[in-house]
Amino acid sequence: MTETNSEGIIQTKPIHTPLICGLPDDIVLFCLARVPRRYHPVLKCVSKRWRDLVCSDEWLSYRRKHNLAESWIYVLCRDKTDRLERACFYELDPISPKRCWKLVPSLPDQCLKRKGMAFEVLGSKVYLLGGCGWFEDATDEVYCYDALKNTWDKAAPLSTARCYFACEALNKKLYAIGGVGSNLSDPRSWDTYDPSTNSWTSHSDPNIVPEIEESFVLDGNIYIRCGTSSTIPPHVYAVVYKPSSGTWQHADKDLVSGWSGPAVVVDGNLYVLDQSSGTRLMMWQKESREWVAVGRLSPLLTRPPCRLAAVGKSIVVIGKGLSTVVFDVSRAGNIGGVMVSSSIPRLVNDDDIISCKVLSI
C-alpha cells in the first residue's frame with residue numbers, strides 16, 4: 001500500500017498479513033502457542049508468517065511466560081562406529097508418546113573431530129565451544145545451535161583458546177573456565193559471554209585451576225571439581241564462584257567429599273551419580289551437611305559412564321549408546337534396593353556421552 005506524505009513523496013507502507021484471516025493475532029498466538037513442541041516444524045510449513053512467529057523471541061517468551069515451554073534434552077556424543085570417532089548431536093522429547101533419540105543434523109564440520117569441547121545452553125540456543133584435535137591446537141571458535149530455527153551459526157570467539165574446560169550458564173551469561181591442552185597465556189583465566197552484545201570478557205583469579213573434571217550451578221554459584229594431577233595443591237578439591245563478590249574461593253570440604261561423579265540440581269537439591277561400584281544416586285543434605293544415598297539403579301538399564309540431566313522433578317541418566325533411565329525424585333521408590341524408573345531404548349551403536357543439557361521452548 002502506498003501513500004503520499006506532506007512533502008509529496010510517495011511512501012510504501014507494509015501490508016499487515018494476519019496469521020489467520022478474520023482473527024486477531026493475539027487470539028491466534030493464544031491458540032498456536034499451546035501446540036506441543038514436537039509439532040512446531042509442521043507449523044512452520046503453513047506460511048512465512050507462521051514460520052517467522054514460531055522462530056521468534058515473542059513465541060519463546062509467550063510459551064515461557066504462560067508455562068507452556070517444553071524441556072527437551074540435547075546430548076553431545078562421540079560416535080565410535082568408525083576409526084575417526086566423530087562428534088554427533090542428539091535430541092530427546094521426554095514426554096513424547098514414542099520417546100526416542102533423534103539425530104540433529106548439520107553439526108559444523110570443524111567440530112566433528114575435535115575433543116575437549118564444552119557444551120552449554122543459554123536461552124533458546126545450544127553453544128559448542130573450543131576444543132582441540134590430534135593435529136589442531138586449542139581453538140577459540142564458538143558455534144551455536146538455534147533450537148527455534150533449527151540452524152547452526154557462528155558466535156563471537158572465546159577471549160582465549162580453550163580445550164577440556166568447564167562451561168556453565170549463570171545470570172543469562174556463559175562462563176568458560178580454565179582449560180588444558182593449550183598454550184594459555186593465563187591458565188587461571190575465565191571468560192564471560194554476554195549474548196546481548198555477542199562478546200566475551202576475560203578475567204583471571206589465582207584460585208582457578210586449569211584441570212577440571214566436573215561443574216554445576218547451585219544456589220546461584222558455580223562449583224568446579226578439580227583434577228588430580230601433580231600441578232594442583234593436595235588441599236584443593238573444588239572451587240566456587242560467587243557472583244556477589246566476583247571471586248573464586250575454595251569450596252566446602254563436606255560438600256566436595258561426596259562429589260565423585262556427574263551432578264545435577266533438582267528443585268535446589270544437589271544429586272550426584274556415584275559410578276565407582278555400579279550406579280548409585282546420592283543427595284546432598286544442606287541442613288545436616290552430609291551425603292545420603294537415594295538408591296541404586298539397575299545394572300540392566302544403565303551403561304556407565306553416565307551423565308545426568310534434570311527435567312522438572314525427574315532425573316534423566318544417560319549412558320553409553322544413549323541408554324536412558326528416567327525417574328521422579330519426588331516420588332522415588334525402591335524395590336529390593338533398586339530405584340523404580342522407566343527406560344528409553346538405546347541406540348545400536350555405543351556412542352560415548354560427552355555432555356547433556358536441557359533446553360525449554
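Owing to the predicted nature of the structure, the values given are computational and were not obtained by experimental measurement.
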- Item | Sidechain-backbone polar pair: Glu168 side chain, Ile222 backbone, donor-acceptor under 3.5 Å | no
- Task: Give the minimum heavy-atom separation between His40 and Val35, together with the two atoms involved.
- Result: NE2-O, 3.1 Å
- Can you see which heavy atom on Ala251 is nearest to which on Val240, and at what distance? CA-CG1, 4.2 Å
- Reported OH-to-NZ distance for the pair Tyr237 and Lys253, which is rounded to 0.5 angstrom: 6.0 Å
- Residue among Arg303, Arg307, Lys115, Lys320 satisfying salt bridge (charged side-chain N to carboxylate O under 4.0 Å, His left out) with Asp352: Lys320
- Message: Tell me whether Trp284 contacts the main-chain N or O of Tyr271 through its side chain, where contact means a donor paired with an acceptor under 3.5 Å.
- Response: no
- Task: Fit a plane to each ring of Tyr74 and Tyr145, take the angle between them on a 0 to 90° scale, and name the class: parallel (under 30°), tilted (30 to 60°) or perpendicular (over 60°).
- Result: tilted
- Under 3.5 Å: donor-acceptor pair, side chain of Trp50, backbone of Leu19: yes
- May I ask you to decide if Leu68's main-chain N or O and Arg63's side chain share a donor-acceptor pair within less than 3.5 Å? yes
- Asp267 side chain to Lys313 main-chain N or O, any donor-acceptor pair under 3.5 Å? no
- Task: Taking atom types as modelled, find out whether Ser360 and Ser71 have a side-chain donor-acceptor pair closer than 3.5 angstrom.
- Result: yes
- Task: State the CD1-CD1 distance between Ile20 and Ile27, to the nearest 0.5 angstrom.
- Result: 11.0 Å
- Item | Euclidean distance, Cys163 SG relative to Asp140 CG, rounded to 0.5 Å | 12.5 Å
- Message: Given 3.5 Å as the limit, does a donor-acceptor pair link the side chain of Arg38 with the main chain of Ser96, or not?
- Response: no
- Message: Could you check whether Asp351 and Asn349, counting side-chain N and O atoms only, form a donor-acceptor pair closer than 3.5 Å?
- Response: yes
- Query: Distance-only, no hydrogens or angles: does the Asn171 side chain make a donor-acceptor pair with backbone N or O of Lys173 under 3.5 Å?
  - Reply: no
- Task: May I ask you to check if the distance between the SG atoms of Cys88 and Cys77 is under 2.5 Å?
- Result: no
- Mind checking the OH-CH2 spacing from Tyr241 to Trp190? Nearest 0.5 Å is all I need. 3.5 Å
- Message: Can you tell whether the side chains of Asp274 and Arg280 come within less than 4.0 Å, N to carboxylate O?
- Response: yes
- Query: Honestly, is Arg34 close enough over Phe30, meaning NZ or CZ under 6.0 Å from the six-membered ring centre and within 45° of the axis?
  - Reply: yes
- Query: What is the ring orientation for Tyr193 with Trp200, classed by angle as parallel under 30°, tilted 30 to 60°, or perpendicular over 60°?
  - Reply: tilted
